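Quick caveat: nothing in here was measured; it's all calculated off a predicted structure. Lettering of chains follows the sequences in order, A, B, ..., and the numbering in each one begins at 1. Heavy-atom basis, side chains included; hydrogens, waters and symmetry copies ignored.
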Amino acid sequence: MDKNSTPPSSRSDFLRDIVASDLASGRVREVVTRFPPEPNGYLHIGHAKSICLNFGIAAEFGGTCHLRFDDTNPSKEEQEYIDAIQADIAWLGFDWGDKTYYTSDYFEQLYDWAVYLIKHGKAYVDDLSAEEIREYRGTLTEPGRNSPWRDRSTEENLDLFERMRAGDFPDGYRVLRAKIDMSSGNINLRDPVMYRILHSTHPRTGDAWCIYPSYDFAHGQSDAIEGITHSICTLEFQDHRPLYDWFLTNLPVPSVPRQYEFARLNLTHTVLSKRVLLRLVKEGLVRGWDDPRMPTISGIRRRGFPAQGVRDFAAMIGVARADSVVEIEMLEHAVRDTLNRTAPRRFGVLDPIRVVIENYREGAVEYVDVPNNPEEPDAGTRAVPFSRELLIERDDFMEDPPEKFYRLAPGREVRLRSAYFITARQVVKNAHGDVVELRCTYDPATKGGSAPDGRRPRATLHWLSAPHAVPAEVRLYDHLFASPYPGTGGRDILEDVNPRSETVLRTCVVEPSLAQPVVGQTVQFERLGYFCADPDSTPTMPVFNRTLTLKDTWAKLRAKTA
RNA sequence: UGGGGCGUAGCCAAGUGGCAAGGCAGGGGACUUUGGAUCCUCUAUUCGUAGGUUCGAAUCCUACCGCCCCAGCCA
């Protein structure tokens, strides 16, 4: 197998064990899973875990995975989200063929099943108000009480339910409830609401309905209709499983799926709550759902994270039932790992300082060959212009260098990557004492970056020919939340937003090959990190988002010393 | 004081009665035309705690402790 596509580990986990044994025992012939997003927001990295799980299991066991929009609440759902969700899953690299479903496609069948339960005395129309229902439900430690409407006749229930559908009542006027057990220790079994009245236009069914099924009444039956074998969801639905099973055993469903739960993803320095994400967008704290700092799929895509890295991350963290918070460094590792193998190397200087090579012929230009990716020789080389006036990173020079600083300093020789060795001869400063230019000399014998006499400079710097350098804007990103556990201090979580999560640099320069970058392509600026061309790029000003820095042991050393 | 879950290293996580995988993070070193990458190497006598069963327990039993979820006409 190609090392570039080797999964981090072909692991087994409790879900794969269950699927394998169901297949072995013949309980199921073929595996059918589903990813069931509600189209009320954008998908985030937590959904990516679920997507990789559901599509991954289906693929590994030769089954199929459906995409089903769980669109039972038109007051929160929009077509924009339906479109974005599909784009995100496709980008992640999964293909659901023609298996696109909507819970709303089953509204008629669900309605019929509700009537079926009424006829069997297992559902009733309740006239209690929302508040009364809450009161009658009891508490965690006290049982609930039966609604006075619980024992209506079948005829009356049928008539009322029909009129609910017909639009005879305003929102919230009545609900249809399952008749189960008001004293159950499991609150979900205390006569859960099956249908509520909602005069709201649905993105798909328009105004055809004014009653909508609840999640509990829709999900299991939708699974059954589609022949889902393993209905995988997150831990908070554990308490709903008895209800999920109750509907399936009390209804003439075509198949009997089973629900399994796993722990949802939590990430340090990150918030994965649709509610909070929506607020960040609505309150303008970020550039939108696809802001490069957002943990949304569209955000990390714009940031430059490769889908492969996200998939590797999902495989790396595994699946279990214990609540956990994964350190974001793991995600970053997976992303760096794939980018290291695949990202083309380029030169970019974020904070340029001028270097004049005094012994280099004025007006001369030569092109040096630079490897596109040392990790992959087949990627070839490119020609980068070199001339008398260069630009290097300001951080790569120190007039009075501390110990362990190996880069350029007065009198010191360093290598310019793939070009020549240069030695700093003189420092030019302005009236404020700021270094504005370095006068250097080069050794013509070191062309290509190696010396015939075998001497080897301690440092290699990236560089640009000043007259050929292309101005660019670079946006530096850091964690959206500085705290590893945002929102835990009793503050409003939005107060924890890192004010330095985005830094815009407008005086950067990049090599000529990046003048018209491919938007969405991530390259490595050598020695700096990975950068992805942003859609905000214009023909005269490319814009790059810093995906991640390279690991920087010098920065770490310096921080430790300071 | 009801119901449902979960506790293995700083963080994920294997392990299902035979003597604690792996990854991330961190430390040390080698190599290096990216202070990147790569490569070596170190980090749990111990599995929430206490008892018990057994030749043998992270795995079985008992009790206790801690954490998470549930009282939407959200999903």
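- In G7(B) the base sits anti relative to the sugar, since the glycosidic angle is further than 90° from 0.
- At a threshold of 4.0 Å, the pair Asp223(A)-Arg258(A) does not count as salt-bridged, since none of the basic side-chain nitrogens sits closer than that to a carboxylate oxygen.
- Separation of the Phe544(A) and Tyr530(A) ring centroids does not fall under the 6.0 Å cut-off.
- Taking 4.0 angstrom as the limit, Arg345(A) places none of its side-chain polar atoms (N or O) nearer than this to OP1 or OP2 of U34(B).
- Checked by distance alone, Glu375(A) brings a side-chain donor or acceptor within 3.5 Å of a matching partner on the base of G36(B).
- Counting non-hydrogen atoms under 4.0 angstrom, Tyr212(A) reaches nothing in the nucleic acid.
- Arg455(A) CZ: more than 12 foreign heavy atoms inside a 6.0 Å radius.
- More than 12 non-hydrogen atoms from other residues, nucleotides or ligands lie less than 6.0 angstrom from CH2 of Trp554(A).
- Within the 4.0 Å cut-off from OP1 or OP2 of A71(B), not a single side-chain nitrogen or oxygen of Arg134(A) is found.
- Within the nucleic acid shown, Arg137(A) comes within 4.0 Å of sugar-phosphate atoms alone, with no base atom in reach, counting heavy atoms only.
- Here Ala130(A) lies in heavy-atom contact (under 4.0 Å) with a base.
- When the side-chain nitrogen and oxygen atoms of Arg241(A) are compared with OP1 and OP2 of G4(B), none of them lie within a distance under 4.0 Å.
- Using a cut-off of 4.0 Å between Lys/Arg side-chain N and Asp/Glu carboxylate O, Glu261(A) and Arg321(A) are scored as salt-bridged.
- Judged by closest nucleotide on RNA chain B, Ser184(A) is the one of Ser184(A) and Tyr406(A) placed further toward the 5' end.
- The closest donor-acceptor contact from the side chain of His202(A) to the backbone of Arg204(A) lies under 3.5 Å.
- Closest approach to the Arg321(A) side chain among C11(B), G5(B), C70(B) is made by G5(B) (side chain taken as heavy atoms from C-beta onward).
- Closest to the Gln238(A) side chain, of the nucleotides G36(B), G5(B), C73(B), is G5(B).
- Each of U34(B), G3(B), A25(B) was ranked by its minimum atom distance to the side chain of Leu550(A); first place goes to U34(B).
- A salt bridge does not link Glu135(A) with Arg145(A): every distance from a Lys NZ or Arg NE/NH1/NH2 to an Asp or Glu carboxylate oxygen is 4.0 Å or more.
- For Arg407(A), counting side-chain heavy atoms from C-beta on, the closest listed nucleotide (G35(B), G15(B), G4(B)) is G35(B).
- In terms of phosphate contacts, Lys551(A) brings no side-chain nitrogen or oxygen within less than 4.0 Å of OP1 or OP2 of U34(B).
- For the pair Trp554(A) and G35(B), the ring geometry qualifies as stacking, because the centroid separation is below 5.5 Å while the planes lie within an angle under 30°.
- The side chain of Glu327(A) lies closest to C24(B) when the candidates are A37(B), U34(B), C24(B).
- Taking every side-chain heavy atom of His333(A) into account, C24(B) is the closest of C73(B), C24(B), G2(B).
- Helical stems of RNA chain B (runs of at least 3 Watson-Crick or G-U pairs, donor-acceptor distances under 3.5 Å) are listed by first residue: B:2-7 with B:65-70, B:10-12 with B:22-24, B:26-30 with B:38-42, B:48-52 with B:60-64.
- In this structure, Arg196(A) reaches the C74(B) phosphate: one of its side-chain N or O atoms is under 4.0 Å from OP1 or OP2.
- Of the candidates G36(B), G72(B), G3(B), G3(B) carries the atom nearest the Asn186(A) side chain, counting heavy atoms from C-beta on.
- Rounding to the nearest 0.5 angstrom, the gap separating the NE2 atom in His462(A) from the CG atom in Asp396(A) is 5.5 Å.
- With salt bridges taken as basic N to acidic carboxylate O contacts below 4.0 Å, none links Glu393(A) and Arg407(A).
- Two rings, from Tyr215(A) and His219(A), have their centers less than 6.0 Å apart.
- Below the 3.5 angstrom threshold, one finds a donor paired with an acceptor across the side chain of Asp239(A) and the base of G3(B).
- Using a 4.5 Å heavy-atom cutoff, the side chains of Phe525(A) and Val510(A) are in contact.
- Within 4.0 Å (heavy atoms only), Glu142(A) reaches no atom of the nucleic acid at all.
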Which protein N or O atoms sit under 3.5 Å from an N or O of nucleotides 7-9 of chain B?
none

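- The Ile187(A) side chain lies nearest to C70(B) when the options are C70(B), C73(B), A37(B).
- Within the nucleic acid shown, Ser214(A) comes within 4.0 Å of sugar-phosphate atoms alone, with no base atom in reach, counting heavy atoms only.
- Using a 4.0 Å heavy-atom cutoff across all strands shown, Pro371(A) reaches no nucleic acid atom at all.
- The environment of CZ in Phe14(A) is crowded: more than 12 heavy-atom neighbours from other residues, nucleotides or ligands sit within 6.0 Å.
- The residue Glu329(A) sits close only to the backbone: its heavy atoms come under 4.0 Å of sugar-phosphate atoms, none of a base.
- A residue-by-residue look at Thr72(A) and Glu236(A) shows that Glu236(A) has its nearest nucleotide of RNA chain B further toward the 5' end.
- Checking A75(B), A71(B), A37(B) against the side-chain heavy atoms of Asn340(A) singles out A37(B) as nearest.
- Contact annotation for Arg190(A): no contact, since no heavy-atom pair falls under 4.0 Å across all strands.
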